[in-house]
Structure formats: structure tokens, C-alpha cells
Amino acid sequence: MRGAIKAAVVIDPTFGDDVLTMRGLPLQILIDGTEPQSGAFAIDHIWGRAEVFVVEMLDEQIRSIGAGASLASLQPIDLRVRTLYNPGLKSRNDLIPGLISMVLGFPALSVALTLAHEREHGTLEQMMTTPVKRLELLLDKMIPYVVVGLFNVIAIPILSMIAFRVPFNGSFPLFFFLSAIFLFAMLGMGMVIGVFIRTQPAALALSFLLIFFPGSFLTGIFFPLASMPDEMQMEAMLLPGTHYAKITRGVFLPGVGLDVLWPSGAALLALGLVFMTIGAVFFKKKL
Amino acid sequence: MFIRIWSIVVKEFIQLIRDWWMPAFMLFGGMLELLMVGWATSRPMVNLPLMVLDQDRSAASRQVLVALENTGTFARHDHAGNMAAIREALDRGEINAAVVIPPGFGAELESPVGEPTLAILLNGAESIPARESLRAVEGAIREMGQEIALRRLGVSPNYLSNFVPSLRVWFNETLSEALYTTPAELGLMLEFTVLLFAALSFSRERELGTLEQLLVMPLSSLEIIVGKAIPVVLIGFFDFLLLLGMTHVAFGVPVRGSLTLLLVLAFGYVLVELGKGMVISVRAHTQHQAFLVVLMVGMVDFMFTGYAAPVESMPRVMQLLANFIPAYHWLTILRGILLKGAGLDVLWPHVLALAGLGAVIGSFRCITCGGPWIEVCGECYEDFDQLCFIE
């Protein structure tokens, strides 16, 4: 109840006798299922142990009655596991690259907020009266965030390599290039939000709901896309983070190149262009 | 005094209604979001793509494939022509696992002393589904192996059934993911809602230049703070009720403990998060700054809600750190009451920790500028200096 233990094993008082006389295994396992992942792990583990124990007992029995060949194992099939790219299946090796997309969500939020900020303070009209073209204005608003974002793209892999020893097997220029496209798509998303929304709180709420929350749950970083319902998979395809997750996953561990990653890159580029177009068109109409 | 506080509360609500986008997004957008995300991710991992290279093509190899299919973890499998195809699919990230059945597998299996071999390749670039695949394959193969071993011994397949330990899972009988993840998402949503509304309260007034107007009014600073806090608490609590009702109805998350206790503690948690948001709000110069800080704080807290990895399996340092995160205690309390039906007798350390953190957060503002902080340090009240807000 306190959550101090995950599993408990109850051994009946008749345990020894029952096993010796081959009557059964009076063993009870209690599992705290609150957290299914570790609960399931505990089940598997204890079950496996119990099995080994039973096999040993049986073996003894068989040998004692002299039934000839000993039962070497209850597991005649030899299962050889080979893990590619990430021996030991360390989750930090794929979660940390996945989290880069979340960090790059911050510039997108900032774009949405600066546009809303100008509108809220009434300075957007002032900008409009200057000879700056609207498209130029939108692009100029993005450039500082592109620079900051790209700095992150360089800093995070270095940090994760040094601090967490995450291997980086791919080509860094390629990663940089694809990250720039991702940033472009994310900033486009932020811009669409900024163009439609009038106040900063609303812009924040919307970008939270469109960028951060689905960014962490729907992009396949924590939960495989294949297991989601079809409708959600379609929606996930509209999120830049989904495509970017594929890219980070491919570049960091397997170290694949553009020949494999180009569909994701193209999808990001297309999404970015669509967002930008929507932003530019409605920006003209709104003011 | 109460009339003055009341008038600020009214003013806050007028502002919220006029700027209805934000509350609408946060409350109903959040609900919708929780519903969708919960629906998408709160199921066991199924349909994982699997590739099979069957070099044996015997009855036995087909039996293996059927066993794998019956686990329900894998989608229909593609047959690969050779190892290169498997390698390429793994590189592309198209599959999570591949099973290779070598030639002669069936023959080895039939012979009484044969040692059939199977190979499984996992895509380590996605560790979570890879682990799930491994579990499913191991389980299926173990069952098959047992059957075969018993057949070789010449005993009936039911011989061992007495030797399986009896298993009982408590609190979450079906080990359902939904019961674990939706409370985490609920907790996160609630935290963000409260933090955002609280962070807005002062930074917005300051940025728009209306804070000075508030300060010159015949209101004490305590009245301003309490007046601004009440709407946030109301909204946060309302949000909690909405989300709780939804997880109960849509995802069947039970409330096994005392609902009253849960509501009281939720109220306390809202107050703690409110304190955090207010500290951010008072310190921040612009809304933009306040929001970025809120998001950063939220991301850190997110790591401790147990969504990505359970706190118990984190490194020791992180576990110690978790004790300083209100969200961690809150999630423990929430899960304890919802799933385990735990009461105060069990949860008191977490409640105490939450209260302690609340007090620390509350007094933080006293230390930084000698101002008051709700009721936690009412004695600071007289020292209040308006400069503290304007800076």
C-alpha cells in the first residue's frame, strides 16, 4: 500500500513437502500493478525463477528414479537475442535524442508570443506603416529564433554525448541540416498560432496544446506510433515532431544517411511550407 | 477587507471572461487533449511491426509464427527474403524486431536430443517497443519450449500445470496502462493549468502597465495577492474536477479511496502550485519570460510524474531530487487514493512533504523581498514594500 515494495512472494507452510512429493508448487506471488511496466517485469522475473527452480527439482526427481536421460532443461529452444544499435537497450540512448524535439519547441513558442506581444501592445500597426514588407516582417521575426534554435542543435548532441555517453553514429552535417528544416516547420507552426491569436495568454495556451502536449505524447518518443489507433497516427503525421523523432532516432544510433531519411525530411519541408503559407496569407488579411 | 478582496476577484473574472480564449483553451482544450492522448497511448503496445526470415519452412517454423502472432503484440509479419532485407528494414526503423528461423529448425525440434536455435534481432533505437517485443517473444518461445520438453519426456502436457505459482496482481488487476498513464497526464494538466494562470496574474498586469494602477488603489498588498489567488484556485480546482470526472468515465479509472480526502489534498496541491506560479509571476518582468519559466519548470516536473520512467527505477540522485518536486508527491497521493484506496495513514509522508514544500515556496517570497505571502507568512505583511513589485 505504501509503495515500498513492488512484489511479494508468499510461501505456504506445506511448500517443502509439496515439492518433494511432486504435488505442486504452493507459491503465491502478489504484484503491485499500479505501475504496469515494472509490475509486468516483476511477474516475468519471478515466474522465470520459479520455473528454473521447478526444473531443478524435477531433474532431481527424475535422476532419483533413474529415468535415464536427465532433463537438461525445460527450455530446449535456444533463443539468441541480438540488439542492434543499442546493446543493453538503454533507454537514455533513445529518449535523450527524442527530447531534442521538445527543446526545439521553445523557439516556436517564442515566435507565437512575440507576434501576439506586438499585437497586444499595438506596435504591430506601427511596424505595418514602415516600408518593411509583410513577408519580410514575418521572416525577420523568425531569424533570431532560428539562430538560437540552431545553437541548441549543436549544443544538445555534444552535451548528451559528454554527459550521458549517448553514441552519435550518423553524420553531423546531415543532422544539422535536417534539424534546420524541423526548426523551420516548428517556427511555421508557431507563426500560424501567432497570426491568428490576439493575446499572449491565448497564444501560450494554444501553443501548449498544439506543440508541447502532443509533442511529448503523440510523436512516438514514449509510445510507439504503430500501437495507436489509425486516426491518431494520421494526426501524428501532421506534427513535425513525429517526423523529427524518426530522424533523431535514425541519425543517433543506427547512423543512417539521407537515402533512408529523405521521406521524413521532405515531410518536414512540406509541413513547414504549408504552415508558412497559411501564416503569410492570413497575416495579410488580418491587418 | 473582504469586500475589497471580493472586488478584485470580480475584476479578475471580468478580465478572464473578456479574454475567454485562454480559459477556454486551458479547460476544454485540455480535457479534449487528455481524452485523445489517453485514448491513443493508454493501451498495451500492440501492432508492433515484425519481420520474419523463415529459412526452414516447416510445420515447426509455422508453429513458431503462430505462437508469435497469438501474443497480440505484433502486427502481421512480413517475410524477408534474406538478412540484408532485415538489416535494411531495421536501419529504416520500419520494424521493431525480426525473427530468424534457421534451416533445420524443424528437424532439430523433432529429434529427441536436438537443440533448435532461434535468433531475434531487436531495434535498439527504440528501446521501449524493443523491450516489449523481447518480452513477447521470450514468453511465446518459453511456452513452446515447455510443451516440447514435456513431449520429449513422454508425459502429458498438463503435467506441469500444478507447478505454476499462483499469481495475484493488486490495485491494477489487468495491468492496464490506462490506469497508470491517465493519472499522470491528469496531474500534469492540472499543474500546467494552475501554473499558467498564476504566472499570468502579475506578469500580465506589469507588462500592460496596470499593476501601478492596482497599487495606488486603497488595497493592501495582501488583499491584492489573495484576490488574485482566489480565481486561480477556483479555476484549478474546477479543472481538477473536470479531468477527474473524465478519467473516471472515459478510462474507467476507479476512485477506491476516500473522495473527500482526495479533494482536500487536491485543493492543497493546487495551493502549492499556485505559490510556485505566483513566485514566478512576481519575479518575471514580462509574460513571455513568465511562460518560458513555467514551461521549463513543468518539463522538469514531467520527468518525475513517472510517465517516461518510474521514479523508483531512476538513479539514486534523481530519486532524492524527486522528493523536492511537489508533482512527485502529488502523483503518489493521486495514484494511492485512486488505485490503491490508500488513506492518510499511508500517505501522510507525502502529504507532509507537500505541505513542507508549500511552506518553503510560500516563504521564498518573504526572503527575496521581505513581502507577505498569503497566510504562510502573515507576519511579513507589515514589511511589505511596493517597490518589491515594481523593482
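Both backbone and side-chain heavy atoms feed into the values below; hydrogens, waters and symmetry mates do not. Note on naming: letters A, B, ... go to the chains in the order of the sequence lines (proteins, then strands), and numbering restarts at 1 for each one.
When the side-chain hydrogen bond (donor to acceptor under 3.5 Å, both in side chains) test is applied to B/Thr117, no partner is found at least two apart in sequence or on another chain. For A/Tyr145, the ring-ring contact (aromatic ring centres under 6.0 Å, His included) test picks out no residue, with sequence neighbours left out.
In this structure, B/His288 NE2 and A/Gln200 CD are separated by 7.5 Å, a value rounded to the nearest 0.5 Å. For the atom pair B/Leu295 CG and A/Phe106 CZ, the distance stands at 5.0 Å (nearest 0.5 Å). The OG1 atom of A/Thr199 lies 8.0 Å from the CD atom of B/Gln287; values are rounded to the nearest 0.5 Å. The distance from the OG atom of A/Ser207 to the CZ atom of B/Phe291 is 9.0 Å, given to the nearest 0.5 Å.
Of all the listed residues (B/Val100, B/Val137, B/Asn123), the one sharing the greatest number of non-hydrogen pairs under 4.5 Å with chain A is B/Asn123. Chosen from A/Asp259, A/Thr114, A/Leu261, A/Leu206, the residue pairing most often with chain B at heavy-atom distances under 4.5 Å is A/Leu206. The candidate from B/Val64, B/Leu90, B/Leu200, B/Leu196 with the greatest count of non-hydrogen atom pairs under 4.5 Å with chain A is B/Leu90. Across A/Pro201, A/Ala202, A/Ala116, the residue that shares the most heavy-atom pairs under 4.5 angstrom with chain B is A/Pro201.
Neither the backbone nor the side chain of B/Leu338 comes within less than 4.5 Å of any heavy atom in chain A. Heavy-atom distances place no part of B/Phe197 under 4.5 Å from chain A, backbone and side chain included. Using a 4.5 Å cut-off between heavy atoms, A/Ser110 contacts chain B through both its backbone and its side chain.
Other residues, nucleotides and ligands place more than 12 heavy atoms under 6.0 Å from the CE atom of A/Met237.
Using a 4.5 Å heavy-atom cutoff, the side chains of A/Leu109 and B/Leu292 are in contact.
What you find for A/Glu120 and B/Arg204 is that their closest heavy atoms are OE2-NH1, 2.9 Å.
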